[in-house]
Chemist: 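Once you've had a glance at the structure underneath, I'll fire off some questions.
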Amino acid sequence: MAAILCRARKALTLRSLRCLHSVYQMAELPETHQMLRQTCRDFAEKELAPIASQLDKEHRFPAEQVQKLGAMGLMAVEVPEQFGGAGLDYLAYAIGLEEISRGCASTGVITSVNNSLYLGPVLKFGTEEQKHKWITPFTTGQKVGCFALSEPGNGSDAGAASTVARLEGDHWVLNGTKAWITNAWDASAAVVFATTDKTLKHKGISAFVVPIPTPGLSLGKKEDKLGIRASSTANLIFEDCRVPKSNLLGELGMGFKIAMQTLDCGRIGIAAQALGIGQAALDCAVDYAEKRTAFGAPISKMQAIQFKIADMALALESARLLTWRAAMLKDNKSPFTKEAAMAKLSASEAATLISHQSIQILGGMGYVTDMPAERHYRDARITEIYEGTSEIQRLVISSQILKEYRG
Amino acid sequence: MSARVLVGVKRVIDYAVKIRVKPDKTGVVTDGVKHSMNPFCEIAVEEAVRLKEKKLIKEVIAVSCGPQQSQETIRTALAMGADRGIHVDVSGKDYENLGPLQVSKILAALAKKEDVRLIILGKQAIDDDCNQTGQMTAALLDWPQGTFASQVDFQEDSLKVEREIDGGLETIKIKMPAVVTADLRLNEPRYATLPNIMKAKKKKIDTVKPSDLGVDLSPQLEVLSVEEPSQRQAGVKVETVEDLIKKLRDSGRI
């Protein structure tokens, strides 16, 4: 009997989630992207949304779900089919990632880091041999990768990387510590940035692919975070860690360029994640506003609430269009640095605005764990920080704009 | 092993949409409303694709009768694993009058034309709830039918079908060629994977007209009016059992 009631309640929740499909129909997207959006949405609603709260409470990596995402092709959206990927464009990636993040923000960031920050640079700068070795096993969801740029001593100041790599015979020997690495405890490989020639400053940084585990590499403690708790974040500690010469990614001294280009793409991914969080928070707020009555009517009839909803929806839609535009520019091989920074900035600020107002609309209910609003609030906060803080995004945008004006 | 399977997929209003009746009472509002594949048709496609994966059948053909938009539904079936699609182009007045009898005539004609050994359909569509197309198609072709299937076992020249009936489960053995209609518990439809969505773009969808198949679409039914169900009335609380019986008698219920 309990099983039947449980299924009935699940069906009811699914139905109320699915009602929202009619709200935004995306007739403007090509058919492939509409179908992709539908399948990702179905997956997120059935497989991710019901367990997201539990994953967050337990700080548990969603291994089973990541494997299913891998089977669907979502862990390697841009990777060509010959290496095991889905061979789709970045617009498809952004759309799919938004839907996944709407179900569970942690799963969204795990997917984004694997796609943009790990597979991205290996695909773009790796040799054929490196691609086969370091891409194909990471497309199925069995293995995930991570990206190690930040250090305890420098986040925004990426050029000051103090992790060093020296050549000893056939091996590179790495020493140093990387901080805030997403997927650290669950990854099977990392793209690591280390200084190979200090005299060349940021032109002396190189990129390496490091398998995990590997002797000389140890993991720091799993950080106890405010949000995205189902994804692990920890330090990577290199103590005379040896990697074969063939693990150098790209050319010597290319590291900073690789990092910056990778982050440009990663920004579209994080923008998509923030959109998903914002959408989930908006859905929650509107659903509540329609049901909660006060002063004799549902609160959705009150202008104060209506204005909030309008502002939230506007912020979300604007950010979404910026994100799609950045993705389409990238797909057309046009420069997209400015647009990607704009997308990430607007989407992350939209996510924090929407989740903040969502709690406000829910009142007391927004503050307790019974409703997902508090989780969206906690998950949204990091989007303004990682893969380039909002302050860095503003620097990137203004630098691009000034360049455009100066000609 | 060389068997071809025909799967019918119907484009219906999505199950979660709040249905609204048109002011002129001729039907429900469909303009701008989200449509998707009938859930029972999804189960039918899944079953056919599974049979193909087990190498028990050779080819899965997805068929849909309707206007241009029906092609979206066919493409969803292709993304789930069907090999090719046939769009039977029916629009305008003909589409409004399209019912199980007309569709089963079309399916019967297609089954003969494509030399099909098995037709799998959803047990009913969620918009009209007719639950007739499978049965009528079997009758027109003079083929055996296994309806409300919750399990299908493929054997050389016959099928063992477990059916969900009022009294429980009934297992029958039917010779092929046959018609099977899928019930809810037959399987759990798969998610269309991204690579398959891409592959679906390259799969062929042929368009045919009902006249090409020699099918007459004249309707046998006329819809007089469509109305909302009456609003649910509030209940009344009574104090004693006697009051309850009295109230039931007064309102003519007993």
Side-chain angles (χ1 to χ4, degrees), chain A residues 7 11-27 30-48 65 68-82 84-89 92-93 95-97 99-100 115 139-141, chain B residues 9 11-20 28-39 41-43 45-46 49 53 62 64 68-82 85 87 126 184-185 187-203 205:
Chain A
R7 266 203 300 272
L12 213 62
T13 322
L14 279 175
R15 192 195 178 111
S16 50
L17 273 175
R18 193 163 165 137
C19 277
L20 298 164
H21 286 208
S22 2
V23 173
Y24 36 100
Q25 293 219 56
M26 296 305 136
E31 197 186 13
T32 322
H33 295 75
Q34 287 189 51
M35 285 175 71
L36 177 147
R37 191 172 226 224
Q38 190 61 51
T39 203
C40 292
R41 192 173 287 183
D42 287 339
F43 181 87
E45 286 175 1
K46 264 172 87 180
E47 310 272 346
L48 296 175
Q65 287 68 27
K68 287 187 182 165
L69 284 169
M72 282 176 73
L74 275 156
M75 293 308 284
V77 182
E78 208 196 10
V79 171
E81 282 180 64
Q82 69 194 106
L88 281 164
D89 53 29
Y93 170 59
I95 290 168
L97 196 54
E99 296 303 327
I100 299 301
N115 269 285
T139 59
T140 60
Chain B
V9 294
R11 180 175 179 264
V12 297
I13 296 179
D14 190 87
Y15 76 80
V17 168
K18 289 197 179 73
I19 309 286
R20 281 200 318 274
V28 298
V29 178
T30 54
D31 273 341
V33 170
K34 180 166 169 43
H35 284 67
S36 47
M37 192 192 290
N38 182 38
C41 297
E42 279 179 13
I43 298 174
V45 174
E46 176 65 25
V49 173
E53 283 170 352
S64 193
Q68 183 65 17
Q69 296 95 313
S70 296
Q71 293 206 7
E72 291 163 19
T73 314
I74 298 175
R75 226 176 292 280
T76 308
L78 295 174
M80 283 173 74
H87 169 220
I126 59 169
L184 194 64
R185 277 155 283 270
N187 60 48
E188 177 99 37
R190 64 191 60 194
Y191 300 105
T193 66
L194 272 52
N196 282 346
I197 291 175
M198 288 302 283
K199 287 198 188 105
K201 283 210 299 199
K202 302 191 189 110
K203 293 180 183 172
I205 299 181

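Proteins get letters first, then strands, A, B, ... in listed order; numbering begins at 1 in each.
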Chemist: Strictly distance-based, threshold 3.5 Å: is any side-chain N or O of Thr39(A) a donor or acceptor partner for the main-chain N or O of Ala192(B)?
Modeler: yes
Chemist: Show the nearest heavy-atom pair for residues Leu88(A) and Met198(B), with the distance to one decimal.
Modeler: CD2-SD, 2.8 Å
Chemist: For Leu36(A), is it the side chain, the backbone, both or neither that has a heavy atom under 4.5 Å from a heavy atom of chain B?
Modeler: both
Chemist: Most heavy-atom pairs under 4.5 angstrom with chain A, which of Ala200(B), Ala79(B), Pro195(B)?
Modeler: Pro195(B)
Chemist: Can you confirm whether Glu47(A) sits close enough to Tyr191(B) that some side-chain heavy atom of one is under 4.5 Å from a side-chain heavy atom of the other?
Modeler: yes
Chemist: If I take atom CD1 from residue Ile197(B) and atom CD from residue Gln34(A), how far apart are they, to the nearest 0.5 angstrom?
Modeler: 11.5 Å
Chemist: Looking only at heavy atoms, what is the nearest atom pair of Ala86(A) and Leu194(B), with distance?
Modeler: CB-CB, 3.8 Å
Chemist: Select one option (side chain, backbone, both, neither) describing which atoms of Ala92(A) are under 4.5 Å from chain B's heavy atoms.
Modeler: neither
Chemist: Considering only heavy atoms from C-beta outward, does the side chain of Lys201(B) approach that of Met35(A) to under 4.5 Å?
Modeler: no
Chemist: Within the structure provided, determine whether Glu188(B) and Lys46(A) are in side-chain contact (heavy-atom separation under 4.5 Å).
Modeler: yes
Chemist: Only counting residues at least two apart or in another chain, list the ones meeting side chain to side chain donor-acceptor pair (under 3.5 Å) with Glu46(B).
Modeler: Arg50(B), Arg190(B)
